Every structure is written in C-alpha cells, then in structure tokens.
Amino acid sequence: MKRSFSFIFFVFSVSCIAFASGGAQDFRQYFLVQTWPPVYCQVHRPEPCRIKPSKFVLHGLWPVNSSGRSSTNTNNQTINVPAMLESNKSFAAEMNKFWPSLTRNENEQFWKREWKHHGRGQPNLPPEEYFRTAITLVKAANLEAAFRDAGINPDGDKLNPRKYTRAINPRYGTTPLFKCLNRSLLMEVTLCVDVQATNFVSCIARPSSLSRCRRKIIWAL
Ligand SMILES: *[C@@H]1O[C@H](CO)[C@@H](O)[C@H](O)[C@H]1NC(C)=O
Ligand SMILES: *[C@@H]1O[C@H](CO)[C@@H](O)[C@H](O)[C@H]1NC(C)=O
Ligand SMILES: *[C@@H]1O[C@H](CO)[C@@H](O)[C@H](O)[C@H]1NC(C)=O
Ligand SMILES: *[C@@H]1O[C@H](CO)[C@@H](O)[C@H](O)[C@H]1NC(C)=O
C-alpha cells in the first residue's frame, strides 16, 4: 500500500453528474466518496433532501482516469436492481443503510443511475459485484470511528486539515481528499481504491476544476 503524505484539499463539484461527462476510458482507480448529510443537504438545491441522517453515507464508487475524472462507457452490462435486492434481503438492507439516496424517494433509481454514470466506467466488476464491492469498501472505511478515535467530533471546532488526515492515514495508508462547503464545512470525504477494488491507495489526481478547502476544516451537525 502506497502512502502519500502530501496534503491535498479541495472542493469537488457539487454534483456527481459533473464527473460523468466525457468518455475517457483510461480507468486508473476508484474514488470511494462518502457524504456528510448535515452539510450536503444545506446546498443540495433545488432538490431538497428527504432524509438527513447524522452519519456518513456512501455517495458512490466512481472509477476515474488519471485526471481524477469519471471514466465512462467501458462496460455495457445492465443492472436489474430489484432482482439484485430480491435475491438477498440482508444485502438489500445494507444497501439501504450505507447507500441511501438523500434526495430521491427511490433508492433503486439512485443506484441505477450510479451504475449508469459511474459503475460502467470500469471493466472489472459486473453490476452486482460492483454494488457488493462498494458496500464492502464503505464498511471498511468507517470515517466516523477513525475521526472519533483521533478525538475529532462533529462539534463545529475549527481544526487543521492535518488532524483529519492523521486520523485516516494510519488506518488506511492513504490520504483522503476533502470537499468542503464554503471552503471550510466538511461535506464529503474521498478515499482512493486500486483498480482491483481491494486496497486503499494514494489518490493519483484531483479534478483540476475544483477549488480547495481552506486552512481549517469544521465538522459540524
Ligand atoms: C480524463 O477524463 C476527462 C473527462 O472525460 C478528459 O477531459 C481528460 O482528458 C481525461 N484525462 C486523461 C489523462 O485521459
Ligand atoms: C457498448 O455499446 C456500444 C453501443 O452498442 C458500442 O458502440 C460499444 O463498443 C460497446 N462498448 C463495449 C465496451 O462493449
Ligand atoms: C447476502 O448478503 C449478505 C450481506 O452482504 C452476505 O453476507 C451474504 O454472503 C450474502 N449471501 C449470498 C448467498 O450471497
Ligand atoms: C456559504 O457562503 C454563502 C456566501 O457567502 C452564504 O450565503 C451561505 O450562508 C454560506 N453557507 C453556510 C452554510 O455557511
């Protein structure tokens, strides 16, 4: 597992759809993106959140190219989400728990779109395996536990980004990418994963269009 001690802080574009444009096929790694709903839901307009859990939830597992942009259209397989969920109820429960749609009534539509716009950007995992892998990874990447073990709580304190990085780095051997609202409120955390979807690795890029978090990061409810 490679380690990177460079500190990379930036703001992703607010919409994951922005990542889906283009047809790059140079699949280099995955972004495992987790959202902090209390902040995400402050900016998600015009479609307001229907639920706002106070825990990190999975936004997506996004295959990216060497520029950190979503790779697309390398996999033409289709997903039958209802059949996948029907075939294993405990897996369906995990999908609802770890990967809920914050805005849409239909989780199933959200997951279908994630496959269409992101999952198809990699050739290695067939659809069901892609969703299983995403859940396996997000269960392994327990950000809240990592932060709390490092004494960081969602109490609105302004902390140096290095504190957050140091909470993650020893556990996962990799430096996360942070996305902030207004350059300081923690909104999303990305861990990078190798193309086999088995190890956390250093992130190879951050999308160049995105601005950075400031020198302090606030994790707040
Ligand atoms: C990555 O994808 C973006 C968007 O499709 C594209 O503009 C860029 O050239 C690609 N980068 C590489 C290195 O292929
Ligand atoms: C996917 O389907 C499109 C349209 O049928 C085709 O042009 C493309 O080559 C296919 N891609 C792969 C990776 O099979
Ligand atoms: C069903 O899903 C659960 C939870 O992900 C998993 O532990 C179990 O192995 C799955 N069962 C089958 C038959 O795939
Ligand atoms: C973010 O900044 C804008 C513009 O300065 C401000 O109107 C908005 O209230 C801020 N949002 C939060 C959640 O601080």
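Each ligand, and each atom within it, is numbered from 1 in the order the structure gives. The structure presented is a predicted model; accordingly, all values stated were derived computationally and were not measured.
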Margin query: Parallel, tilted or perpendicular: which one describes the rings of Phe131 and Trp115, with boundaries at 30° and 60°?
Written below: tilted

Margin query: My understanding is that only residues two or more places apart in sequence, or in another chain, count here; which of them pass ring pair (Phe, Tyr, Trp, His ring centres under 6.0 Å) with Phe98?
Written below: none

Notebook entry, point to check: Just wondering, are more than 12 heavy atoms of other shown residues or ligands nearer than 6.0 Å to NZ in Lys116?
Noted result: no

Checklist line | Arg120 and Asn76: side chain donor to acceptor below 3.5 Å | finding: yes

Notebook entry, point to check: Near Ser67, which atoms of ligand 1 are under 4.0 Å from a heavy atom of that residue?
Noted result: 1 (C), 10 (C), 11 (N), 12 (C), 13 (C)

Tell me which donor-acceptor pairs under 3.5 Å the side chains of residues 137-145 have, and how far apart each pair is, sequence neighbours excluded?
from: Lys139; atom 1: NZ; to: Glu94; atom 2: OE2; distance (Å): 2.7
from: Asn142; atom 1: OD1; to: Glu144; atom 2: N; distance (Å): 3.3
from: Asn142; atom 1: OD1; to: Ala145; atom 2: N; distance (Å): 3.0
from: Glu144; atom 1: OE1; to: Phe56; atom 2: N; distance (Å): 3.2

Notebook entry, point to check: Contact residues of ligand 3 with a heavy-atom cut-off of under 4.0 Å?
Noted result: Asn88, Ser90, Phe91, Glu94, Arg132

Next item on the list: Not counting sequence neighbours, list each pair that qualifies as a side-chain hydrogen bond (donor to acceptor under 3.5 Å, both in side chains) and has a residue in residues 128-137.
Entry: none

Note to self: Polar contacts were defined as any N/O atom of the residue lying under 3.5 Å from an N/O atom of the ligand; does this apply to Ser70 and ligand 1?
What the structure shows: no

Check: So does Glu106 have more than 12 non-hydrogen atoms from other groups sitting under 6.0 Å from CD?
Finding: yes

